[in-house]
Each structure stands twice: as C-alpha cells, then as structure tokens.
Amino acid sequence: MLFFLLLVFQANANAQIDPAHCRYPLGMEDGRIKDHDITASSQWYETTGPQYARLNREEGDGAWCPAGLLQPSDTQYLQVDLGQLTFLTVVGTQGRYARNSGKEFARMYRLNYSHDGQLWRSWRNRLGNKTMEANDNAYASVIKDLHPPIISRYLRLIPVTKMPTTVCMRLELYGCPWHDGLTSYSSPEGQLMMPPGYPIASLNDSTYDGAHERRKLSGGLGQLTDGVIGQDDFLRTRQYHVWPGYDYVGWRNGSLGSGYVEMEFVFDKQRNFTSMKVHSNNMFYRGVKIFSSVSCSFKPRLIANWEVEPVEFHTVLDDRNPSARYVTVPLGRRNAKALRCRFHFADVWMMFSEISFQSADTVIPTQITPVVTSPWPKEESSLPTTHKTATNPSAKDQPDDGNTPILIGCLVTIILLLVVIIFLILWCQYVCKVLEKAPRRILEEEVTVRLSSSSDTIILQTPPVPPRVSQMDHPYERVFLLDPQYQDPAGLRNKLPELSQSAETSACGGGYAEPDVTQCTPHQCFQSSVPHYAETDIVSLQGVTGSNMYAVPALTVDSLTRKDISVAEFPRHRLLFREKLGEGQFGEVHLCEAEGLPEFLGEGAPLPDRDGRPVLVAVKQLRADATNNARYDFLKEIKIMSRLNDPNIIQLLCVCVSSDPLCMVTEYMDNGDLNMFLSQREMESTLTHANNIPSVSLSDLLHMSVQISSGMRYLASLNFVHRDLATRNCLLDRRLTIKIADFGMSRNLYSSDYYRIQGRAVLPIRWMAWESILLGKFTTASDVWAFGVTLWEIFTLCKEQPYSLLSDEQVIENTGEFFRNQGRQIFLFAPPLCPPSLFELMMRCWDRDIADRPTFEGLYQALRPHVVQ
Ligand SMILES: *[C@@H]1O[C@H](CO)[C@@H](O)[C@H](O)[C@H]1NC(C)=O
Ligand SMILES: *[C@@H]1O[C@H](CO)[C@@H](O)[C@H](O)[C@H]1NC(C)=O
Ligand SMILES: *[C@@H]1O[C@H](CO)[C@@H](O)[C@H](O)[C@H]1NC(C)=O
Ligand SMILES: *[C@@H]1O[C@H](CO)[C@@H](O)[C@H](O)[C@H]1NC(C)=O
Ligand SMILES: *[C@@H]1O[C@H](CO)[C@@H](O)[C@H](O)[C@H]1NC(C)=O
C-alpha cells in the first residue's frame, strides 16, 4: 500500500514544469558552469574572453567582448553549454563595468538555441520578435523573461547593434533541468474554430519551432511544452496581445479523417515511463471535451518498429464540470525513446495546452518531499493518523487463536485496507485539487519578477532570483494583472494572504498614522513598510451599489457593534420620493423630501437653513431581495457612517432599518457633484463676465481643494480609507461647501471612470495608486494618490478624464511602470491653470514610494495658506 501511495504522490507531486518557479540561476555567476563550457565566436583580448562573461563578476577585464567594433551586420556570439537539457525562463545581461573603468554594453541581443550543438534555432517571443532589449549602462543587470521559455542544452547570446560599437557582455541564465527529456513532438496542425456568435479561436501552435509541412508539425517543441496552462474558457488567454484560443492547440474531429489525433514524442534518451499528463480543455457546452481514450505505442530506439503491444487508457468523461484539467495517463513503466499516442475524440473538439511526461529516472523520495513540507500540516498529519487507526485494529485481530478468527481478521484487514485505499484516493484527489489551486507563499522578489510580465523587464542591481532549497514547489496560479481576481482587491487578498502577512510582521511596518516615519529605505519598504492595516484587519464593506468598499479597522467595527447605531429611525412614510439619483447592483439612491426632519433631529441638527423650504435628503435604499451579505454590509456601512462627523464629510442623518427595504438618509447637496459643477464652468475672466458664462476663480478652486484635504484629513485621523476619492464623489451646496460622499459608483453617468471586468470588479483605476491596482493595497497613502488626481481634475475644470489618451489596459500597464520605476511611467500633465507649486504637490501625491507621499494633514497645511480668507 505504501508503494501505491508513493505512486499516487509521485504522479501528483511530480507535476509538469512551472515556469514561474523554474527560475534558478544556472551557474554563470557562481561558477557551476565551467570556463570550458563558455565559448565565443571571438574575443577582443585574452582578458575579455568568454570565461569572463559572468554576471556580477569582475574577473579579467570584467566581461566578454567580441573582437573589433561590432557592426550591425555582424554575428558574434557567446555560447554556453549547460550540460543537459534545460528549461530556460530568464536571461540576465550586464555590460562591462570593471570597477568603473568599463563602459561597454549591448543595447540589444538575440538568442539561438540548440539541443545538440548542431542544429540551431532562433528564439522569438510570442509576437514573433527575435530581438530583446538589453542594457543601457555598464553596471545594471537587466533581467528578461523568456516568453516562451527555451528548452535546450546550448544557448547562444548574439549581441545586436544599430551602429558600429564595441560591446561587452556578462550573462546569467535562469531556469531548471528539463526532466521530461522531451526533445520534440509532432502533431497535426491546430485549427481555427469559427462558431457563430463567438470570436474566432485560433488553436494553432504558434510557438512551434520545428518544421511545418502539409498541415503537420514535426521536429520541434512549442506551446504544449511552454509551461503555460490554458484556462477553463479556452477563449481567455494568459498572454497579452494575443488572439482568443492562444493557449490551446486544438483539433476538430472529422477534419483529420480518423477520429483521433496522433502525436509522436521523441526523447533525449531511453526512459522508463510512468505517466503522461495532458492538460486538456473540457468546455463541453462548446463541444470541447477531454479525449475519450488514448493508446500509446513505444519504440526503444528511433530506428526500430513500434512495439506491438500499445498501452490503452480510457478516461472517465465528465459533462458536468467544464474546468480544464490534467488527465494523467499511466504508461505502464515501459522503456522507450519515442512514443506515439493516439488521442480519440470524445466530442467535436479536443484541445490541449500542455503535455508532460514522468519517467522513472526521477527519484521518488525528492518528489515526496514537497508534500511532506507543504504548508498544509493539518491535512498531512491526518494521513499517518488515518493510516494508523485503520491498520491497528487489524494488527490486534491477528494474534487471536483459531483459524476462523484469523480468517475473519484477514478479511477485515483486507476490507479495511480497501476502505483506506479508497479513502486515500478520494483524499488525494481532493488534496491535489487544493494543491493545484492553493495560493502559494509569495516572496517579495517573486512578486517583483512576476509583476514584470507585462513588459518582461526588470532591472536589478543584484540577481533577483535567490537560490532555493528545494526545486519542487507547489504549483500555483500565476499572477496576471488583467485576471479579474487581481482586479478585485478582495480576490487579491485571498490569493496572496502571505503578502499581507509578511507586511504585517515586517519590522518596517510603520504605524498607520505616520507613514512618513518608517525607517527603511524605499526599496526595502516597497511592500513591507506600506503604511496600512494588516489586511486581515480590514473589513470590507459593500455599499448600496455593491461596489464601493471602505476599509476600516475591524476594531472600530467591533466597538461600534457594542454600541447602538447612533442615528435615529425615521418614519419611512415621511420620505417623499422626488427623483432617482442613481442605482447600483444592490440598490438605488433617491432624492427625497423628508417631512419634519428638522424637528425630528432636534436642536443642532446638521441641516442647512432651508428658509421654510422642504428638506431634501438623499436616500440610499437596499433592494428588498438583496443577499444577506449585502444586508450585513449595508448595516455595517450605516454604523460606520453614523460615526463620521465633519463639516466636509457627508452626514448620515437617520435610517429606516426596522423594516425592509433598508434605507440610509444622508444630506443632499443641491449643487450636485464637483465634477458636474466644474465641467459646466469656465475660468473666471472678463469674457465670462461679459457673456454671463458660469465661471469659477482660482481661489474658488483652491478653496475646494482645501476643503477636500480637510475632509480627508478627518477620515485619515480615523484610519478610514475612502478608496474612491474623486471629484464625482465630492458634493457641493450653494455656498460651495464641499462634502465628500461615496455615491459615485451608483451613477451611470460616470461609468466610464470605472474599469469593469466581466461585471465583477468595478474599480476607479485612473484614480488608483499603483499599489492598489497591483497589490490590492488600499491605504490612506493611496487615498493621497487619489487626492492628487482629484486636484488635477479640479484644475483642469474636469474637462478631461485623467489619462484620457490611455485605454484602461494601458492605464494598468502604466501602473506597472510606476512599479518598475524606470522613468517610463506616464504622469498626468500639469494643468495650464495650475500654479507650479500646486502641480509639485500633485506630483508628490503620486510618489512611487508610499512613505514619501504627503499626509493629508501636510496637504491641508500646504494648501490652506493659499486661500484668500
Ligand atoms: C541562429 O539560428 C538561425 C536559424 O534560426 C541561423 O540561421 C543563424 O545562423 C544562427 N546564428 C548563430 C550565430 O548561431
Ligand atoms: C522587437 O523588439 C525590439 C526590442 O524591444 C524593438 O526594438 C524592435 O522594434 C521590435 N521589432 C519589431 C519588428 O517589433
Ligand atoms: C496562428 O494563428 C494566428 C491567428 O490566426 C496567426 O496570426 C499566426 O500567424 C498563426 N501562427 C502560426 C505559427 O501558424
Ligand atoms: C521500469 O522501472 C521499474 C522500476 O522502477 C521496473 O520495475 C521496470 O521493470 C522498468 N521497466 C522496464 C521496461 O525496464
Ligand atoms: C469523430 O469522427 C469520426 C469520423 O471521422 C466518427 O466516426 C466519430 O464518431 C466521431 N467522434 C465523435 C465523438 O464525434
């Protein structure tokens, strides 16, 4: 049984390669790659020979330099023999620094690779470009992700230049051994799926590097071995700027005339195969299913006949769960150097995104390690326990006298063993599912590397990939910026729980209220010192619109729960409907007249003087059929709002919560919101005076800015994170008093200000700090960022949306530039009306380093003197 267990574990632990993890330095810097394995087409001097092309090392004259000036038409190369087939994911290059005496570097390079050192292929990225950007100074190392990765033993780095120059290079390669040993596969060409009413899915193997003849691919590797697993919906892709269906290679039954797809796999040497894992789509309602059966034949040598006896495997078809999945095909421990498998259609379409092979020369114990050291101790410990409790009784049974008891004992043992086996199979399936889905521990540098995926570049002074103890890590989902889960901060939090934990426990974790006094350098502080609540302490509240979220310390909520809601219940029938102001997923906002509200609230009511006119209020109302969660959140929002009391924050006046629908009644500001107000106005001038055009003066704008900073200062003092500060959320009354509210998202008017992902998350990305978009961190410092954007809106008189020239996707990509901080981020321009000192203040709000942004108190103090009293 133990053997059986090992098998099960092996099949699951020995998972296919994971490019996001396979990023170990391969030994240029630390010398594991020997001098004689590094060669070059030429060298300038002995002291700039290929053996000196080691990243971050300064031996010889500090780098490899090919002889002479490199001409644009030249092909010089540095060649590295890695000694075995390797899955290469990252290349790091550097120029010749030589303790500040060198200044040569290469701006661009290409890569060639080879399995055998004879046949060379050019690497190209997923869009077909062969050229990679490299260095622009002699010292910084530039780390480039290879998309797609390269599987090879030999690699050539070919510097490229546009003008004749001297180039010198240092290099590190990152990756891991290619245990699959697969050197090529052949298959029929993938096809186009053109269903009516859906986008065309192009299911070709677009990175295949072998021959492409008569609708057949042969002699190469491609998307089926690039480590990228397709999603459940084959139309959605993991890559940027590619077509629907990109991640899959797919075929249509009937087009091949045989009812199956035949693929041949060739390996580096004879191997003893345990299994093959085929990642297959199963979107049955679109006519896609995993294969119904597969039969594989074996060949011990390339020049030999296929062995007569194939291995057959029938799958269990599943037309309930449309998830893409790995289908594991046992290969019966047969020896072979080549395999031919026929995958039989179970439906009209069959689509694979990845195929991997497990062969017995991978040692079993190392594969068990990750399960043992996995961060799920509870489930593991349950394994030995169940094992024991199940077998102990049987052990006791056996010493009994007589034959019958022994027989019974044996039977019981067998039955128990069977039960345990079945249990273990089920358990294993469950655990493996969990393992494959489970969020992993994400270290800072991994985030660094992965966040680079949008442009594949990061520059670091030190190697970014720390050596790891174990190469076997748990599979996990890769981070894709446009993946809806990452757009939804709550989703991100779930996904990266350790991210917040590490921030929490970090020594850098400055207090929330004093973001400016953290003691670490900006680099260390990149995540850890972010002044913020430990994410676990944040309670997310969904407002009536179902989209606006507040973050407040859980403590506050608890202490509020102990007390009563401090606002009174208003008789519902005295709210007279006037007009609908907006609506959202969970409710509506109405403009109502509140009969007798001043009397109801009594002395000192925060109501403007109405001169006898009816009191208008805004009434947020939860739909009667709202979910329990929405109700709960609505009540929580009431509790929090009821504690806010500031002249520049919209005030909760009363509630109707004794019966459905739940309502909260707030002040209504009769000048509408600031966005609307300003966009209808021009800057005050003689022209506007003469023509009676509605106008505002610079001092009006400053006065507004001061009020907003004052309201935000108040929220910040309560550690209240607004998350959606913008002019559309600032309301005005006739005297131009501003009150910050949160109705924005319920208003269709502004829907283009929010980035929607399949109706799930609705985020004001143009107002959001980079760390909110990329890491899901919402803090007072990210409110400060939004305040900067709000100021910018004010001084452009809301005539333009922020970054109006960028699409939503480009805005998100720009956030990546803020993160990378290489000076390529695009800032909002200085509004023409805006005094330079004020624009400087805005720029400080958009500081990449969270700790360097001003506080609201600081902003208030800086703005206030400008207001003419
Ligand atoms: C790189 O590979 C291409 C084939 O794709 C070949 O034509 C070229 O000569 C190779 N260059 C070097 C330097 O190996
Ligand atoms: C390929 O990439 C390089 C480096 O990023 C760039 O300079 C070049 O213009 C690209 N070529 C094409 C054809 O896109
Ligand atoms: C695959 O299909 C896409 C989209 O139809 C096309 O642009 C690309 O050139 C194709 N690639 C290959 C290798 O056939
Ligand atoms: C493959 O390896 C297993 C043990 O690891 C062995 O029992 C089996 O005979 C091997 N198969 C062949 C065909 O050599
Ligand atoms: C696939 O096509 C073959 C004929 O080419 C047909 O006999 C077979 O029934 C089809 N299978 C499915 C699942 O449609």
Side-chain angles (χ1 to χ4, degrees), residues 39-42 50 64 66 70-81 91 93 106-136 142-148 150 152-163 167 169 185-194 198-224 226 234-235 237 239-251 351 353 452 454-459 813 822 824:
T39 51
S41 53
S42 73
W64 161 69
L70 185 72
Q71 304 291 333
S73 58
D74 279 359
T75 310
Q76 297 279 359
Y77 61 82
L78 178 77
Q79 177 173 327
V80 180
D81 176 1
V91 175
T93 57
R107 289 195 182 273
M108 286 181 294
Y109 60 87
R110 286 187 280 129
L111 294 170
N112 267 21
Y113 60 95
S114 171
H115 300 312
D116 54 7
Q118 307 294 317
L119 174 65
W120 290 89
R121 305 175 203 262
S122 311
W123 177 84
R124 46 183 88 224
N125 72 13
R126 296 202 186 267
L127 304 173
N129 193 340
K130 290 184 190 172
T131 312
M132 290 256 243
E133 262 169 59
N135 306 82
D136 53 14
V142 171
I143 309 294
K144 287 282 189 176
D145 275 49
L146 295 175
H147 293 304
I150 291 176
S152 76
R153 172 174 164 181
Y154 299 92
L155 188 87
R156 280 180 181 169
L157 176 80
I158 307 167
V160 174
T161 180
K162 284 190 180 134
M163 297 168 288
V167 299
M169 297 191 84
Y185 62 79
S186 65
S187 76
E189 170 186 70
Q191 295 160 353
L192 278 182
M193 186 181 194
M194 292 186 279
Y198 284 101
I200 293 178
S202 193
L203 301 161
N204 59 7
D205 193 339
S206 56
T207 62
Y208 195 74
D209 63 5
H212 192 155
E213 275 169 357
R214 282 177 286 132
R215 315 203 143 257
K216 201 161 154 43
L217 309 175
S218 60
L221 295 173
Q223 286 190 273
L224 294 183
D226 67 359
F234 59 87
L235 292 176
T237 64
Q239 314 294 330
Y240 281 102
H241 311 305
V242 291
W243 48 88
Y246 180 89
D247 291 340
Y248 284 98
V249 181
W251 308 270
M351 294 181 193
S353 72
S452 72
S454 65
S455 85
D456 306 336
T457 313
I458 17 159
I459 297 194
E813 273 173 36
Q822 294 166 0
R824 285 191 296 202

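Note that the coordinates shown come from a computational prediction; the quantities given were computed from them, not determined experimentally. In listed order, ligands and their atoms are each counted from 1.
Protein heavy atoms come within 4.0 Å of atom 5 (O) of ligand 3. Put simply, atom 14 (O) of ligand 2 has protein non-hydrogen atoms near it, under 4.0 Å away.
With respect to atom 8 (C) of ligand 1, the closest heavy atom belonging to the protein is Asn112 ND2, 3.7 Å. The protein atom (non-hydrogen) at minimum distance from atom 7 (O) of ligand 2 is Met108 SD, 4.3 Å. Among protein heavy atoms, atom 3 (C) of ligand 1 sits closest to Ser122 OG, 3.3 Å.
Taking every non-hydrogen atom of Ser202 and a distance limit under 4.0 Å, the qualifying atoms of ligand 3 come out as 1 (C), 2 (O), 3 (C), 4 (C), 5 (O). Under a 4.0 Å criterion applied to the non-hydrogen atoms of Glu133, ligand 2 contributes the atoms 4 (C), 5 (O). For ligand 2, the atoms closer than 4.0 angstrom to any heavy atom of Asn129 are 1 (C), 2 (O), 3 (C), 8 (C), 10 (C), 11 (N), 12 (C), 14 (O).
One distance of note links CG of Leu155 with OH of Tyr113; it measures 10.0 Å at 0.5 Å rounding.
Ligand 1 has no nitrogen or oxygen under 3.5 angstrom from a nitrogen or oxygen of Tyr77. Among the atoms of Thr75, none of the N or O lies under 3.5 angstrom from an N or O of ligand 1.
Tyr246 and Arg126 form a side-chain donor-acceptor contact under 3.5 Å, judged by distance and modelled atom types alone. A donor-acceptor contact closer than 3.5 angstrom links the side chains of Asn135 and Thr93. A donor-acceptor contact closer than 3.5 angstrom is absent between the side chains of Tyr248 and Asn204. Using modelled atom types, one finds a donor on one side chain and an acceptor on the other under 3.5 Å when comparing Ser206 with Gln223. Side-chain polar atoms of Asn112 and Tyr154 form no donor-acceptor pair below 3.5 angstrom.
With sequence neighbours excluded, no residue satisfies salt bridge (charged side-chain N to carboxylate O under 4.0 Å, His left out) with Arg110. Looking at residues two or more places apart in sequence or on another chain, you find a side chain to side chain donor-acceptor pair (under 3.5 Å) between Ser41 and Gln76.
With Asn204, Thr207, Leu217 as candidates, the residue nearest to atom 2 (O) of ligand 3 on a non-hydrogen basis is Asn204.
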